[in-house]
Amino acid sequence: MDIEIVEQEDITSKEKQREITKLCIQTSLLLLQHGAESMLVEQLSTRLGLALGVSQVESAISANAVVLTTIVNGHCQTSTRKIVDRGINMHVVTEVQHIVIMVEHHLIDIEDVKKRFAHIKPLRYPRWAIIFMVALSCGCFSKLNGGNWDGFLVSAIGGGFGMFIRQILTRRQINPLINFCITAFAATSVSGFLLKIPYFQTTATISMAASVLLLVPGFPLINAVADMFKGHVNTGLARWAMATMLTLATCLGVILAMAVWELRDWA
């Protein structure tokens, strides 16, 4: 009878550890898919596992996968997940942080964590609002770099149109490198054609450059430096390489537009 009770308790303990392992790697997956840096991913998954009752949490993060192991009374359970990029979304990262903090303060248990993870949905702004804000920011970049109000208008129109094209390509799940190249081509073409209109003859050519600033991969570059600085060199280098490729794709799109339409003013 005692042996059966011990075996039942052992099975229950293993099931609980398995559930905790799933939740820990789900935490890592959600964070990595939406743009969190590697150190934050490692810390939050470890904090969640310890708060839920495991003795130790070990994780290994690479450019396209995450491996996580939990240890309870010498028993190890390991899980591996492939990372699929879902786009940068700090709303998801913040929601995961809130859940981990609530677990640490004993406000929710395993079942509550499952339900909350299942209900996390990325916050998406309306497409028109994104286009408007991107156009406004491109126009402001032109103005801050010595452009006049004519240049502000050219940059805003070019940047807004580029963002519109980028949204269409993203919705069709086009490769990001091709997406950036086509978007840069479209934004440069629009701003270049506007500069050929007699009304904009005296407009500063900085407006052409400002119209493609929406494609600067600032967030991936910041995460790449943060990862390398904090010891995740391989992941940091992978992110740096991807950001560099996106930049090269943008430059290719700009050069292609200048060559096709003979937009020599910027050069």
Side-chain angles (χ1 to χ4, degrees), residues 34-36 85-95 121-174 176-225 242-258 261 263 265-267:
H34 293 93
D85 185 23
R86 303 292 185 188
I88 297 169
N89 196 302
M90 290 298 101
H91 171 72
V92 174
V93 176
T94 304
E95 287 296 312
K121 293 183 179 179
L123 178 64
R124 304 292 185 190
Y125 292 102
R127 295 184 184 278
W128 64 266
I130 296 175
I131 292 173
F132 175 77
M133 293 306 299
V134 166
L136 183 63
S137 63
C138 289
C140 290
F141 274 122
S142 176
K143 197 76 174 68
L144 290 172
N145 284 277
N148 51 20
W149 287 109
D150 292 343
F152 175 93
L153 183 61
V154 170
S155 297
I157 295 174
F161 182 77
M163 191 65 215
F164 174 72
I165 297 298
R166 182 180 175 184
Q167 288 179 340
I168 293 176
L169 297 176
T170 302
R171 190 166 52 203
R172 295 179 180 274
Q173 298 182 344
I174 302 297
L177 297 176
I178 299 175
N179 186 331
F180 271 52
C181 183
I182 295 175
T183 301
F185 178 87
T188 304
S189 298
V190 170
S191 58
F193 281 132
L194 286 174
L195 289 177
K196 287 188 175 183
I197 297 175
Y199 179 79
F200 295 108
Q201 285 293 329
T202 58
T203 302
T205 54
I206 188 65
S207 57
M208 284 182 63
S211 65
V212 296
L213 288 179
L214 71 144
L215 298 175
V216 175
F219 207 92
L221 286 172
I222 292 172
N223 276 346
V225 174
M242 188 59 190
T244 302
M245 291 296 293
L246 291 173
T247 303
L248 290 176
T250 301
C251 293
L252 180 61
V254 172
I255 294 172
L256 188 61
M258 294 173 64
W261 310 120
L263 306 174
D265 294 337
W266 189 7

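Because only heavy atoms are used, hydrogens play no part in the values below, and waters and symmetry mates are left out as well, while side chains stay in. Position 1 is the first residue of the sequence; numbering continues from there.
- In this structure, Cys138 and Leu214 have side chains that are in contact, with non-hydrogen atoms separated by less than 4.5 Å.
- Of all the heavy atoms in Lys143 and Trp149, the pair that sits closest is CE-CE2, 3.3 Å.
- The structure places CG of Leu252 at 10.0 Å from CE of Met245, a figure rounded to the nearest 0.5 Å.
- Heavy-atom minimum distance, Ala187 versus Gly158: CB-O, 3.5 Å.
- Between the CG atom of Asn145 and the CD1 atom of Ile206 there is a distance of 5.0 Å, given to the nearest 0.5 Å.
- In plain terms, the two heavy atoms of Ala257 and Leu263 that are nearest each other are O-CD1, 4.0 Å.
- A distance of 4.5 Å separates CZ in Phe180 from CG in Leu246, rounded to the nearest 0.5 Å.
- Between Thr170 atom OG1 and Met163 atom CE the span is 6.5 Å, to the nearest 0.5 Å.
- Under the 3.5 Å distance criterion, the side-chain polar atoms of Ser211 are left unmatched by any main-chain donor or acceptor of Ser155.
- Using a 4.5 Å cut-off on side-chain heavy atoms (C-beta onward), Ser191 and Ser207 make no contact.
- Contact annotation: the side chain of Asp150 never approaches that of Leu153 to less than 4.5 Å [non-hydrogen atoms, C-beta and beyond].
- Contact annotation: the side chain of Arg124 never approaches that of Ile130 to less than 4.5 Å [non-hydrogen atoms, C-beta and beyond].
- Side chain of Asn89 to backbone of Gly35: no donor-acceptor contact under 3.5 angstrom is found.
- Separation of atoms CD1 (Ile174) and CZ (Arg166) is listed at 14.0 Å; rounding is to 0.5 Å.
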Residue pair Met208, Val154: steps toward the side chain to side chain contact (heavy atoms under 4.5 Å, CB included) verdict
CA-CA 8 Å; Met208 284 182 63; Val154 170; 5.7 Å; no
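- Counted within 6.0 Å of CZ on Phe152, heavy atoms from surrounding residues, nucleotides or ligands total more than 12; the atom is thus considered enclosed.
- We find the CD1-OG1 distance between Ile255 and Thr250 to be 11.0 Å, quoted to the nearest 0.5 Å.
- Side-chain contact between Arg171 and Arg127 is present, with heavy atoms from C-beta onward closer than 4.5 Å.
- Put simply, the side chain of Thr188 never gets that close to the backbone of Phe185: no donor and acceptor are under 3.5 Å apart.
- Listed here is the closest heavy atom pair of Ala184 and Val212: O-CG1, 4.0 Å.
- Two residues are said to be in side-chain contact when any heavy atoms from C-beta on lie closer than 4.5 Å; Ser137 and Leu213 fail this criterion.
- Summarising the geometry of His34 relative to Met90, their closest heavy-atom pair is O-CE, 3.6 Å, with the distance given to 0.1 Å.
- Of all the heavy atoms in Thr205 and Leu195, the pair that sits closest is CA-CD1, 4.4 Å.
- Using a 4.5 Å heavy-atom cutoff, the side chains of Leu177 and Cys181 are not in contact.
- Counting only heavy atoms from C-beta outward, the side chains of Pro217 and Thr247 approach each other to under 4.5 Å.
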